2 protein chains.
Amino acid sequence: MTERPFHHGSLRTALLDEAILVLRESGVQGLSLRDLARRAGVSHGAPRSHFVDRQALLDALAETGFRRLTSHVELALAGQDDVRQRFLRVARAYVNFAIDDAALMDLMFPATPAPRPSAVADAAHDLFATLDNAMGPRHSATDEVARESFEMLFAATMQGIATLVASNRIDRARGDRLVDEAMEMMLGSALATRTVAPG
Amino acid sequence: MTERPFHHGSLRTALLDEAILVLRESGVQGLSLRDLARRAGVSHGAPRSHFVDRQALLDALAETGFRRLTSHVELALAGQDDVRQRFLRVARAYVNFAIDDAALMDLMFPATPAPRPSAVADAAHDLFATLDNAMGPRHSATDEVARESFEMLFAATMQGIATLVASNRIDRARGDRLVDEAMEMMLGSALATRTVAPG
DNA sequence: CCCCCAATGTAGGCAGCGCCTACTTAGTAG
DNA sequence: CTACTAAGTAGGCGCTGCCTACATTGGGGG
C-alpha cells in the first residue's frame with residue numbers, strides 16, 4: 001500500500017528542482033523532459049501536464065532564476081552600512097549566482113531571444129527594479145539617464161566577469177578580485193557621483 | 001555530366017560557413033549535423049569525415065569565432081591616433097561582434113565548460129594576446145597584475161553589454177552609448193592610469 | 001603507367017528525444 | 001452519487017546523433 005501514488009502531488013516543482021541540478025551538471029543540452037520524468041518516477045508524457053513543451057520548462061526555469069537572483073540581491077542589500085559596502089555585497093552575490101548557475105543565466109539572458117511569457121518578463125523586471133531601488137532615492141530627472149546607464153553597466157560588468165569565470169577563462173579567486181576592482185572603478189567614476197553618491 | 005561530383009571539394013568549410021548562418025538564425029539548438037549535410041547537398045554521414053561528432057563541429061566554430069574576433073580587433077587597432085580612440089574602436093568592434101554572433105560567443109565562452117581541443121585554446125589565447133598587445137609596451141613588473149585586471153575587466157564589460165543587447169534587455173543604440181560610457185569610465189580610472197596611460 | 005590505398009561520401013540501423021493523440025485514473029464540485 | 005476536469009499512462013511519428021559496412025575517388029609509390 002506504500003506504492004507510489006498515481007498522482008505525484010508536486011510534479012511541477014519536482015521537475016524544476018531536478019532541472020536546476022541537471023542544468024548545473026550537464027548544461028541546457030543535457031536537459032531532457034523524458035529524463036526529468038524518469039528521475040521523478042513518472043511516465044514520459046507526464047511533464048506535458050505542467051509544461052506545454054520544452055521551451056515552457058526553460059521559460060519557467062528562467063523565471064525562477066530571476067526570482068532567486070532577486071532574493072539574493074535583496075539579501076545582500078540588507079544592512080545599514082554605506083552604499084559602497086552594500087553595492088560590493090550585491091556585486092559579489094550577483095557574480096556568485098551567475099557562476100554557480102551559469103547555464104541558468106543563459107536561459108535568463110538568451111543569445112537567441114524569442115518572445116517570452118509575461119511571467120518571465122515580470123520576473124526580469126523585478127530584478128532590475130530591485131537593482132534600481134538599491135541605488136537609493138532619485139535626485140533629479142536629468143540624472144535618470146545616467147542612473148540607468150550605471151545600473152546597466154553594473155549588471156553588464158558582473159555578468160561579464162561571471163562569464164569569464166564560468167567558462168574557465170579566469171579562476172574564481174581572480175574573479176573575486178576582479179569584482180572588487182570593478183566596483184572600485186565604477187563607484188569612483190564621475191557617472192557614479194552623479195547617481196549613487198551625488199555631491 | 002555536370003552532375004554534382006562525388007567529392008564535395010570543400011565540405012568542411014561549407015559546413016562551417018553554413019553553420020554560422022544557422023547559428024545566427026536559430027541558435028545552437030537549431031544546429032544539426034544532418035541539416036547541415038542536407039544544405040550542403042551531401043548524405044547525412046558525410047560530415048563525420050570532417051567532424052568526429054557534433055561537439056567537434058561546435059569546437060571548430062568556436063575556433064573560427066576566436067580567429068574572426070581577433071582579426072576584427074586587429075583591424076580596430078590599426079591607425080596612429082591616441083590610445084583612447086583605439087580602445088574605443090576595439091570596444092565597439094568587440095561588442096558588435098558579440099551581438100551579431102551572440103550564439104557563437106556562447107560556444108566560445110560556454111557556461112558548462114569541458115576540455116577543449118588545443119586549437120580552440122590556442123585561438124582563444126591569440127585573442128587575449130592581441131588585446132594585451134593593444135595596451136602597448138609594459139611599464140613595470142608590479143603593474144602586470146593591474147594590467148591583466150584591466151584587460152579582463154575590459155573583456156568582461158564588453159561581453160556583458162553585448163549579452164544585455166543580444167538578449168533584448170537593452171536596444172542596440174543604448175548599447176552603443178553604454179560602450180562609450182564604459183570606456184570613459186575605465187580609461188578615466190586609476191587602474192587605467194597605472195597600466196594604459198601611466199604618469 | 002597502373003594499381004593500391006587512404007580519404008571522402010553513401011546507406012542503413014539503433015536508441016533517445018520532442019511532440020502528438022487516445023486512453024485511464026483520481027480528486028472534486030454539484 | 002455522479003459528472004467533470006486535472007493529472008498521468010501508453011504508444012506512435014519524425015527527427016537527431018552516433019555507429020557500422022560499403023562505394024567512390026584521386027593521388028602517390030611500385
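In what follows, chains are A, B, ... by sequence order, proteins preceding strands, each numbered from 1. This one's a predicted model, so the numbers in the text were calculated from it and none came from an experiment.
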Backbone N/O of Asp126(B) and side chain of Arg67(B): donor-acceptor pair under 3.5 Å: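 Pair absent, no side-chain N/O of Arg67(B) close to backbone of Asp126(B).
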Atom [atom1] of [X] and atom [atom2] of [N]: how far apart are they, to the nearest Å?
| X | N | atom1 | atom2 | result |
| --- | --- | --- | --- | --- |
| Arg38(B) | dG14(D) | CZ | C1' | 11 Å |
| Gln29(B) | dT16(D) | CD | C1' | 13 Å |
| Leu11(B) | dT10(C) | CG | C1' | 13 Å |
| Arg34(A) | dC15(D) | CZ | P | 16 Å |
| Leu36(A) | dG16(C) | CG | C1' | 14 Å |
| Leu31(A) | dC17(C) | CG | P | 11 Å |

Checking Asp180(A) now: which residues fulfil side-chain contact (heavy atoms from CB on, under 4.5 Å) with it, not counting sequence neighbours? Leu88(A), Arg92(A)
Contact summary for Val28(A) and Gln29(B), nearest pair of heavy atoms: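 Here Val28(A) and Gln29(B) meet closest at CG2-NE2, 3.9 Å.
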Considering just the side-chain nitrogens and oxygens of Ser32(B), establish if one lies under 4.0 Å of OP1 or OP2 belonging to dT16(D). yes
Is the shortest side-chain N/O distance from Arg12(B) to OP1 or OP2 of dA7(C) below 4.0 Å?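 So the side chain of Arg12(B) is outside the cut-off, no N or O lying under 4.0 Å from OP1 or OP2 of dA7(C).
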Heavy atoms within less than 4.0 Å of DNA chain D: which residues of residues 44-56 of chain A have one? Give them sorted by number. His44(A), Gly45(A), Ala46(A), Ser49(A), His50(A)
Between Asp35(A) and Arg39(A), is the closest basic N to carboxylate O distance under 4.0 Å?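 The answer is yes: the pair qualifies as a salt bridge.
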Quick one: CG on Leu104(A) to CG on Leu69(A), what's the gap to the nearest 0.5 Å?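 Rounded to the nearest 0.5 Å, the CG-CG separation comes to 9.0 Å.
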Under 3.5 Å, is there a donor-acceptor pair linking the side chains of Arg174(A) and Ser149(B)?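 Yes, because at least one side-chain N or O of Arg174(A) sits under 3.5 Å from a partner of the opposite role on Ser149(B).
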